[in-house]
Amino acid sequence: MGNALAMRLVTWNINSLRLRLPHLETLASTLRPDVICLQETKVPDPLFPAEALRALGYEHLHYKGMKSYNGVAILSRYPLTPLDRLPDWHGKEDCRHVGALVHTPGAPVELHDFYVPAGGDEPDVTINPKFAHKLAFVEEVTAWFKNRTRERTILVGDFNIAPLEHDVWSHKQLLKIVSHTPPEIERLTAWQNVGFVDAMRHFVPAHEKLYTWWSYRNRDWKTSNRGRRLDHVWVTPDLVPSLSTMTVLRDARDWTSPSDHVPVAVDFTL
DNA sequence: ATGGTTGCCGTGCAA
């Protein structure tokens, strides 16, 4: 970005960092983000392609990954101070959260990158432990943020919950589908109400459809357009005046061998 | 109501 006191932030569930490294290069050269938060990197730390990312201009890297599943990463042109001592959510070492102070040309901002559990297919905690895990994860994260100072903080990631009626293609048909059920939405809303503002909906009114994910299982994602907004950018209220633009990079869903999620970019004047 | 596809790997599992 031209403005020295600005930051372009992208969040993207890349669904395998190593497979889609060429797409990340495209993203880096076209949007030129200052900071990129990735989810589902699916790469153990010793195999993380750090050199390739540094070559793209992301000198500062903070990541936590494992074999085959999950994995999150922050790539930054600005120096990072990783937040160590983040909780081990739900007693699992499953690489769903990293955080760092980002030393922008303005004052530092605290950035959290989350990959919330998808929760399986059955929205019933008594028969589906993955759904129970998802609800418990959000509850634990909510309780943790209640005890922190909540200023100059940004939360992004694949939250795997589409909370608003127009965050899904059919509110009525998805009410019993994991990602849009009332217990998930209640918990996500409680988390947000700890002290965050939905930055995407700051730009796009609640009555307009807004999606970031289209299933692989639709032959023609664009025609059927059965999308959901699973990816989010939240900011503390003090950062709302610094929100400048927001872009959902819908075109990325048509890239060769795409992720099922598309990148979301937000520009700040910090 | 069901099945649809993808990535990880080398089989089913998770999404």
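Residue numbers begin at 1 in each chain, while the letters A, B, ... track the order of the sequences. Hydrogens, waters and symmetry mates play no part in the numbers below; they use all other heavy atoms, side chains included.
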TODO: Would you check, one step at a time, whether the test ring-ring contact (aromatic ring centres under 6.0 Å, His included) holds for His207(A) with His166(A)?
DONE: CA-CA 6 Å; His207(A) 61 83; His166(A) 295 294; 7.7 Å; no
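- Rounded to a whole angstrom, the distance from the P atom of dC9(B) to that of dT5(B) is 22 Å.
- The nearest whole Å value for the distance from the CD atom in Glu122(A) to the P atom in dA15(B) is 15 Å.
- Phe159(A) is linked by a ring pair (Phe, Tyr, Trp, His ring centres under 6.0 Å) to Trp191(A), His232(A), Trp234(A), counting only residues two or more places apart in sequence or in another chain.
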TODO: Could you check Asp238(A) against Arg152(A) for salt bridge (charged side-chain N to carboxylate O under 4.0 Å, His left out), going step by step and ending with a plain yes or no?
DONE: CA-CA 7 Å; Asp238(A) 56 315; Arg152(A) 288 190 74 79; 5.5 Å; no
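- Sorted by first and then second residue, the salt bridge (charged side-chain N to carboxylate O under 4.0 Å, His left out) pairs with a member in residues 189-204 of chain A read Asp167(A)-Arg201(A), Asp198(A)-Arg229(A); sequence neighbours excluded.
- Taking atom CD1 of Ile14(A) as the reference point, atom P of dA15(B) lies 18 Å away to the nearest angstrom.
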Between N or O atoms, less than 3.5 Å apart, protein on one side and nucleotides 8-13 of chain B on the other: list the pairs.
residue, atom, partner, partner atom, Å
dC8(B), OP1, Ser16(A), OG, 2.1

Table please: side-chain donor-acceptor pairs of residues 96-112 of chain A below 3.5 Å, with sequence neighbours left out.
residue, atom, partner, partner atom, Å
Arg96(A), NE, Asp94(A), OD2, 2.9
Arg96(A), NH1, Tyr115(A), O, 3.3
His97(A), ND1, Trp89(A), NE1, 2.9
His97(A), NE2, His112(A), ND1, 2.9
His103(A), NE2, Thr81(A), OG1, 2.7
Thr104(A), OG1, Gly106(A), N, 3.3
Thr104(A), OG1, Ala107(A), O, 2.9
Glu110(A), OE1, Arg148(A), NH2, 3.2
Glu110(A), OE2, His112(A), NE2, 2.7
Glu110(A), OE2, Arg148(A), NE, 3.4
Glu110(A), OE2, Arg148(A), NH2, 2.9

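- dA14(B) sits 15 Å from dG10(B) when the P atoms are compared, rounded to a whole Å.
- With sequence neighbours excluded, the residues that form a salt bridge (charged side-chain N to carboxylate O under 4.0 Å, His left out) with Arg54(A) are Glu51(A).
- Side-chain N/O atoms of Thr181(A) and Glu184(A) include a donor and acceptor closer than 3.5 Å.
- Listed by first and then second residue, the side chain to side chain donor-acceptor pair (under 3.5 Å) pairs involving residues 56-71 of chain A are Tyr58(A)-Arg77(A) (not counting sequence neighbours).
- Going from atom CG of Asn128(A) over to atom P of dA14(B) covers 10 Å, rounded to whole Å.
- Residues from residues 160-177 of chain A placing a heavy atom under 4.0 Å of any atom in DNA chain B do not occur.
- Between Gln39(A) atom CD and dG7(B) atom P the separation is 17 Å, expressed in whole Å.
- Rounding to whole angstrom units, CG of residue Asn70(A) and C1' of dG7(B) are separated by 13 Å.
- As a whole-Å value, the separation of His133(A) NE2 from dA15(B) C1' is 14 Å.
- Residues satisfying the side chain to side chain contact (heavy atoms under 4.5 Å, CB included) criterion with Thr245(A), sequence neighbours excluded, are Asp267(A).
- A donor-acceptor pair shorter than 3.5 Å cannot be found between the side chains of Ser259(A) and Asn15(A).
- Every residue two or more places apart in sequence or in another chain was checked for a salt bridge (charged side-chain N to carboxylate O under 4.0 Å, His left out) with Asp260(A), and none qualifies.
- Across the P atoms, dG3(B) and dG7(B) are found 22 Å apart, a figure rounded to whole Å.
- Between Val197(A) and Thr236(A), the closest side-chain pair of non-hydrogen atoms is not below 4.5 Å.
- Listed by chain and residue number, nothing satisfies the side chain to side chain donor-acceptor pair (under 3.5 Å) test with Glu165(A) (two or more places apart in sequence, or in another chain).
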Between the protein and nucleotides 1-4 of chain B, which nitrogen or oxygen pairs come in under 3.5 angstrom?
residue, atom, partner, partner atom, Å
dG4(B), O6, Arg217(A), NH1, 3.1
dG4(B), N1, Arg217(A), NH1, 3.2

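- Between dT5(B) and Ser257(A), no contact under 4.0 Å exists linking OP1 or OP2 to a side-chain N or O.
- One can place NE2 of His261(A) at 13 Å from C1' of dT5(B), the figure rounded to the nearest angstrom.
- Side-chain contact, Asp158(A) with Trp213(A): no donor N or O sits under 3.5 Å from an acceptor N or O.
- Rounded to whole Å, the separation between the C1' atoms of dC13(B) and dA1(B) comes to 24 Å.
- Where pairing requires Watson-Crick or G-U contacts shorter than 3.5 Å, the helical stems of DNA chain B with at least three consecutive pairs are B:5-8 with B:12-15.
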